[in-house]
Novice: 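This is the structure, below, for whatever I ask next.
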Amino acid sequence: MQLNKIHSVKTIDRVAAELGETVDRIFDLAIDMEPEDGVIWVYGPGNDSVIAFTPFGIENLCELIESKASAGAV
């Protein structure tokens with residue numbers, strides 16, 4: 001997937017709901033991800049900001065969740 005052709009992202013809240021995970025768990029996994037991994041910060045008015053994921057980023061999150069589960073981490 002070419003990263004320069006991203007046309008949409010999903011917020012951390014939506015991704016957590018779709019994956020059946022908590023926002024806190026997704027945040028803990030995503031905090032070490034880089035833009036190349038499909039995660040970006042979206043800034044709104046004032047001090048508002050939210051993490052968002054490209055489709056590639058969601059794939060990477062799923063792999064992280066699976067690897068943590070197979071390693072016995074909850």
Side-chain angles (χ1 to χ4, degrees):
M1 171 180 229
Q2 291 181 314
L3 296 179
N4 61 346
K5 297 199 177 197
I6 301 303
H7 65 278
S8 67
V9 294
K10 292 183 180 181
T11 64
I12 190 170
D13 294 80
R14 179 151 182 179
V15 171
E18 289 180 358
L19 297 180
E21 298 284 345
T22 66
V23 171
D24 289 339
R25 176 148 161 76
I26 298 296
F27 183 85
D28 289 344
L29 293 169
I31 199 66
D32 293 325
M33 293 174 69
E34 299 291 334
E36 299 84 28
D37 300 322
V39 63
I40 61 170
W41 280 94
V42 179
Y43 297 97
N47 292 326
D48 289 343
S49 63
V50 65
I51 294 178
F53 300 90
T54 65
F56 181 64
I58 296 169
E59 289 176 26
N60 284 331
L61 270 175
C62 289
E63 290 175 11
L64 283 171
I65 291 167
E66 289 176 19
S67 69
K68 297 284 184 183
S70 66
V74 178

Novice: Would you say that I51 contacts W41 through its side chain, given a criterion of any heavy-atom pair below 4.5 Å between the two side chains?
Specialist: yes
Novice: Looking at side-chain heavy atoms only, is the closest gap between I65 and I26 below 4.5 Å?
Specialist: yes
Novice: Which one of V9, I12, I40 satisfies the side-chain contact (heavy atoms from CB on, under 4.5 Å) criterion with V50?
Specialist: I12
Novice: So how far is it from L61 CG to E18 CD, rounded to the nearest 0.5 Å?
Specialist: 11.5 Å
Novice: I need the I58 CD1 to L19 CG distance, nearest 0.5 Å.
Specialist: 7.0 Å
Novice: Do L64 and M33 make a side-chain contact, defined as non-hydrogen atoms from C-beta onward lying under 4.5 Å apart?
Specialist: yes
Novice: Would you check if R25 and D28 make a side-chain contact, meaning some heavy-atom pair closer than 4.5 Å?
Specialist: no
Novice: Would you compute the distance between atom OG1 of T11 and atom CZ of F53 and round it to the nearest 0.5 angstrom?
Specialist: 9.0 Å
Novice: Are L29 and K68 side-chain neighbours, meaning at least one heavy-atom pair lies under 4.5 Å?
Specialist: yes
Novice: Considering all heavy atoms of both residues, which atom of P55 and which atom of S8 are nearest to each other, and what is their separation?
Specialist: CD-O, 3.9 Å
Novice: Please report the interatomic distance CZ(F56) to CD(E36), rounded to the nearest 0.5 Å.
Specialist: 9.5 Å
